[in-house]
There are 2 protein chains.
Amino acid sequence: MSTISDVAKRAGVSTMTVSRVVNNSGYISQETRERVERAIAELGYVPNALARYLRFKQTKTIALILTDITNPFFTTIARGVEDAARDQGFSVIFCNTDESETEQTEYLQLLLQRQVDGFLLVPASDSDESIAALRARGVPVVLLDRRLSVGEFDSVRCDSVQGAYELVHHLLALGHTRIAVLSGSKAVSTAVDRVAGYTRAMCEAGIGEDQHLVFYDRFTQGDGYRMAQRALAASPRPTAIFAANNFIAFGAIRAIQEADLRIPEDISIVTFDDLPQLWVMDPFLTVVTQPAYEIGHKATELLLDRLAGEGPVETREIMLPAELIVRKSSGPPPTVATKL
Amino acid sequence: MSTISDVAKRAGVSTMTVSRVVNNSGYISQETRERVERAIAELGYVPNALARYLRFKQTKTIALILTDITNPFFTTIARGVEDAARDQGFSVIFCNTDESETEQTEYLQLLLQRQVDGFLLVPASDSDESIAALRARGVPVVLLDRRLSVGEFDSVRCDSVQGAYELVHHLLALGHTRIAVLSGSKAVSTAVDRVAGYTRAMCEAGIGEDQHLVFYDRFTQGDGYRMAQRALAASPRPTAIFAANNFIAFGAIRAIQEADLRIPEDISIVTFDDLPQLWVMDPFLTVVTQPAYEIGHKATELLLDRLAGEGPVETREIMLPAELIVRKSSGPPPTVATKL
DNA sequence: CTGTTAGCGCCTTCAT
DNA sequence: ATGAAGGCGCTAACAG
């Protein structure tokens, strides 16, 4: 691992001259330039970016902290982030918290030490503790997908209340009245907001919400499975299920299949977050899809704005539109269907 | 952004003392320790890891360079890498090359400058150019999933020849004789090896390979679609398709559906790489699955071994077992089925 | 138990 | 057009 002074020695110049050649700054005679370049090539010299950062106080690196790297919704976000970051010469460090507050805190600490310039964060929960350090240091942060009750960070997400409202409204229009909702942790805004959208739709329809049909747990397949089992045990049984995300939906579907119920004849199911079209032979889930790539891209733009010292003083809250796609997993409830 | 000397000043000690408190090294009187800790808390001091690395020549960071971050096979690998790395206090920088040699070269260069300690690489192609710099510098590298003709790197992967052989053998046993193979780029070892496995099985069966039924393109859904269209246009039409990975298979299935053919009645299809069980309502593809998580985990262990100066001098080549799972997408060829 | 010195690799500033 | 000195933040080695 040769350094700049190795090169300087070999080329018979000062380190400054090498630096100027490497960074194309200042005036260099053609002849010395060539000599230096030859020395660089011969030694396989690669500049040490760390040393450079130590002076510049800018690492050109941002961190993307996700809660689940195996969820295609989040990897698509990552794609958007990567593209936007690279456009401006930034690198991205991806981190995975597994929805754990502890891991999030650890990563935040680590990344702070590593002097990343800014954070893109899908918060594992709405606890202030973990991000207090960020606020204290005034590091630029943009929130993705989820709200935080401290209102001082830029954020990019979809309107979960509205999306949930549309899904449940769709079910109501089909004639359902007993609709269960299976949601994530109460500490996560999307879980709360999606239940709020459900409640709004139910109240508007004059039905109101049945506390026994509202479930909170976590955004995993296993939890979806268990919540669905409990929902199906309710009496009378719900005729439709609203799963607050795709993984919960998969678990619920498994439970429905085990109960020997047909979708949508016996029970309808709708959810947030599609799978990428191409991975599914025959898309059948009625969903609200969110523009994941754009969420990542837009959030990165906001962050890089801040890093460039641009952007307004006040915090920005960007809401991207979500889209309802009606497919085969939702139909009229059994009793209504019978009447047809 | 306070520094170690800010803390030192505030606590009325030298920077060395602060350093000792932060790193828990050497002897410190209880009283000074408390004073320093108070100063740290008051200033919100966070040590600058970069400055530290500048001395240590070790960043405790490894790079994971993938070709497609949206493919669940690779994100599962990423999971394994992350877990193994964290166990030993290493961070991971994920990068995505999109199967592009150019992007790979750029990333390699960037990461070298950033002084990452080692590389986990899924090579975009078997070109020497891009990795020449790695070899020249002697940075530890472990190859994942794919071979490289330069044999000096450790590697972890599954046996693609064997896996392909088993899939094609399975089709032959069902009675197929006209089997098309849709593979990835000839510059990628898995693409080549899977065709080799196909050829071996076909030759063993005394059929030999029909050059018109062997297709190379890239590992994407679009290419799978186009290759399948050409395969289906062959006359007589193949009764089975072996897709060299999941994305190619999805494209092929779309083409098959558009041609109004039924799977497996009219045509069978088998492939490498499953989708995670939980994402699929009703798994129907006959596949060879690879232990992606273990590939990532094992590769990371090899790399960290090297970094610790352990491990043998010779290069290690780890082959993990792949598993054939027969499901509904493969059945006897039409003529045979008719006879039943 | 604590402080001083020196240097990691680079670049800005000021000379020459 | 080129070079010398100094310092970014941190810590190992050696005082004291």
Side-chain angles (χ1 to χ4, degrees), chain A residues 1-40 43-61 109-117 137 139, chain B residues 1-40 43-61 109-117 137 139:
Chain A
M1 300 261 288
S2 44
T3 74
I4 196 169
S5 57
D6 296 333
V7 177
K9 231 168 282 165
R10 180 154 197 138
V13 296
S14 75
T15 62
M16 237 357 266
T17 305
V18 178
S19 171
R20 281 193 263 257
V21 169
V22 170
N23 300 294
N24 261 312
S25 58
Y27 300 92
I28 302 275
S29 78
Q30 191 53 31
E31 192 221 357
T32 19
R33 155 164 280 126
E34 274 163 20
R35 218 149 24 112
V36 170
E37 275 168 353
R38 203 172 323 119
I40 289 178
L43 292 170
Y45 166 70
V46 176
N48 184 330
L50 264 35
R52 197 179 267 158
Y53 301 148
L54 191 55
R55 294 192 50 87
F56 290 164
K57 318 289 205 124
Q58 246 242 47
T59 57
K60 287 280 210 172
T61 306
Q109 188 66 18
L110 187 78
L111 294 162
L112 235 23
Q113 295 188 183
R114 279 180 193 252
Q115 315 293 114
V116 303
D117 297 332
R137 302 196 97 208
V139 195
Chain B
M1 301 262 288
S2 42
T3 74
I4 197 169
S5 57
D6 296 333
V7 177
K9 233 169 278 165
R10 179 154 197 139
V13 296
S14 76
T15 60
M16 228 11 253
T17 305
V18 179
S19 171
R20 283 194 261 257
V21 170
V22 170
N23 300 295
N24 263 312
S25 58
Y27 300 93
I28 302 276
S29 78
Q30 191 53 34
E31 193 220 358
T32 19
R33 155 165 279 127
E34 275 161 19
R35 223 157 13 126
V36 170
E37 276 169 352
R38 205 174 321 121
I40 288 177
L43 292 171
Y45 166 70
V46 176
N48 184 331
L50 264 34
R52 200 178 265 157
Y53 301 148
L54 191 56
R55 289 192 53 83
F56 289 163
K57 316 292 205 121
Q58 243 243 46
T59 57
K60 287 278 208 175
T61 306
Q109 188 65 18
L110 186 78
L111 294 161
L112 235 24
Q113 295 189 184
R114 278 178 193 255
Q115 316 291 115
V116 302
D117 298 331
R137 301 197 98 208
V139 195

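Bear in mind that the values here come from a model prediction, so they are computed numbers and not experimental data. Below, chains carry the letters A, B, ... as their sequence lines are ordered, and counting in each starts from 1. Side-chain atoms are counted along with the backbone in the values below, which use heavy atoms only and exclude waters and symmetry mates.
A distance of 11.0 Å separates CG in B/Leu110 from NZ in A/Lys60, rounded to the nearest 0.5 Å. From B/Gln115, atom CD reaches atom OH of A/Tyr53 across 9.5 Å, with rounding to the nearest 0.5 Å.
For DNA chain C, the outermost nucleotides in 5' to 3' order that have an atom under 4.0 Å from a heavy atom of chain B are C/dC1 to C/dG9. The outermost nucleotides of DNA chain D lying under 4.0 Å from heavy atoms of chain B, listed 5' to 3', are D/dG9 to D/dA13.
The two residues B/Tyr45 and B/Ile4 come nearest to each other via the heavy atoms CE1-N, 3.6 Å. Closest approach of A/Thr15 and A/Ala8 over heavy atoms only: N-CB, 3.7 Å. Scanning all heavy atoms of the two residues, the minimum distance from A/Leu43 to A/Ser2 falls at O-OG, 3.4 Å.
A heavy atom lying under 4.0 Å from DNA chain C marks the following residues of residues 46-56 of chain B, by number: B/Leu54, B/Arg55. Scanning residues 13-26 of chain A for heavy-atom distances under 4.0 Å to DNA chain D yields A/Val13, A/Ser14, A/Met16, A/Thr17, A/Arg20.
In this view, A/Ser19 and A/Asn23 satisfy the side-chain hydrogen bond (donor to acceptor under 3.5 Å, both in side chains) rule, not counting sequence neighbours. Scanning for salt bridge (Lys or Arg N to Asp or Glu O under 4.0 Å) contacts around B/Arg35 gives an empty result, with sequence neighbours left out. Scanning for salt bridge (Lys or Arg N to Asp or Glu O under 4.0 Å) contacts around A/Arg114 gives an empty result, with sequence neighbours left out. Taking the side-chain hydrogen bond (donor to acceptor under 3.5 Å, both in side chains) definition, one finds that B/Asp117 meets it with B/Thr59, sequence neighbours left out. Residues meeting the side-chain contact (heavy atoms from CB on, under 4.5 Å) test with A/Gln109, sequence neighbours left out: A/Gln113. Applying the side-chain hydrogen bond (donor to acceptor under 3.5 Å, both in side chains) rule to A/Ser5 yields the partners A/Thr3; only residues at least two apart in sequence or on another chain are considered.
The only member of A/Val18, A/Val13, A/Val21 that meets side chain to side chain contact (heavy atoms under 4.5 Å, CB included) when paired with A/Ile28 is A/Val21.
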ask   = Between A/Val7 and A/Glu37, does a side-chain contact (heavy atoms from CB on, under 4.5 Å) hold up when you go through it step by step?
value = CA-CA 9 Å; A/Val7 177; A/Glu37 275 168 353; over 6 Å; no
query = Where do A/Asn48 and B/Leu54 land on the side-chain contact (heavy atoms from CB on, under 4.5 Å) test, with the steps shown first?
reply = CA-CA 9 Å; A/Asn48 184 330; B/Leu54 191 56; 4.1 Å; yes
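Listed by first then second residue, pairs satisfying salt bridge (Lys or Arg N to Asp or Glu O under 4.0 Å) with a partner in residues 4-32 of chain B read B/Arg10-B/Glu42, not counting sequence neighbours.
Overall bending of the helix from C/dC1-D/dG16 to C/dT16-D/dA1, expressed as the angle between end axes built from five pairs apiece, is 40° (10° steps).
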